[in-house]
Amino acid sequence: MKLQALGRNHAGKKFREVCETLVVNAHGGLLILRHEVDNDEMLVLVNPETQEEQECRIVFTGESGSKGIRVAVEFLTPAPHFWGIDFDAPRQNAEQQNHAH
């Protein structure tokens, strides 16, 4: 999923970029950023479909690759619907299928 990230880079300069998610969950996600960022810095993510903004904290920065740096973020407040995914639905369906057999 593509989304917009606003924050400060390694040098403290503000940036805004369109980035891509690798993994998402109800508590945050793993992104690829072109800007170098530091752990414990804040990012604001903007969902382009809903224009919803979500503040998050950088909890991990990985190695730099050809597309950018892997950055794990954690939402400051729970936001299970930010990604537009219902995280509970697949588990409930799987449990119902298991009980049916």
Find out whether Gln54 and Thr77 are in side-chain contact, i.e. whether some heavy atom of one side chain is under 4.5 Å from a heavy atom of the other.
yes
Of all the heavy-atom pairs spanning Ala5 and Leu45, show the shortest one and how long it is.
CB-CD2, 3.9 Å
Glu49 atom CD, over 12 foreign heavy atoms within 6.0 Å
no
Do Leu6 and Leu3 sit in the same hydrophobic cluster, where Ile, Leu, Val, Met, Phe, Trp and Tyr count as joined when their side-chain heavy atoms come under 4.5 Å apart?
no
Less than 4.5 Å apart, side chain to side chain, heavy atoms only: is that true for Gln51 and Val46?
yes
Below 4.5 Å, heavy atoms only, C-beta onward: do Met42 and Leu76 meet side chain to side chain?
yes
If I compare all heavy atoms of Thr21 with all of Trp83, which pair ends up nearest, and what's the gap?
CG2-CZ3, 3.7 Å
Mind checking whether Asn47 and Gln4 have side chains closer than 4.5 Å, heavy atoms only?
no
For the side-chain contact (heavy atoms from CB on, under 4.5 Å) test, which of Val59, Leu30, Val37 pairs with Val71?
Val37
Starting from the C-alpha separation in whole Å, work towards a yes-or-no answer on ring pair (Phe, Tyr, Trp, His ring centres under 6.0 Å) for Phe15 and His35.
CA-CA 8 Å; Phe15 71 86; His35 288 85; 4.2 Å; yes
Report yes or no: do Glu36 and Thr61 form a side-chain donor-acceptor pair below 3.5 Å?
no
So, taking the atom named CD in Glu74 and the one named CG in Leu43, what distance separates them when rounded to the nearest 0.5 Å?
12.5 Å
Check Ile32 against Cys19 and note the closest heavy-atom contact, atom names and distance.
O-CB, 3.2 Å
Are any of the side-chain heavy atoms of Ile69 and Leu31 separated by less than 4.5 Å?
no
Determine, using the 4.5 Å side-chain heavy-atom cutoff (strictly less than), whether Met1 and Ile85 are members of one ILVMFWY cluster.
yes
Could you check whether atom CZ of Arg57 has more than 12 heavy atoms from other residues, nucleotides or ligands sitting under 6.0 Å from it?
yes
Are Asn9 and Asp38 close enough, and set up right, to give a side-chain contact (heavy atoms from CB on, under 4.5 Å), and what steps lead you there?
CA-CA 7 Å; Asn9 68 11; Asp38 295 324; over 6 Å; no
Does the side chain of Phe82 reach to within under 4.5 Å of the side chain of Val24, using non-hydrogen atoms?
no
Okay, side chain of Glu17, backbone of Arg34: is any donor-acceptor separation there less than 3.5 Å?
yes
Distance in Å, Asn25 CG paired with Phe75 CZ, rounded so as to fall on 0.5 Å steps:
7.5 Å
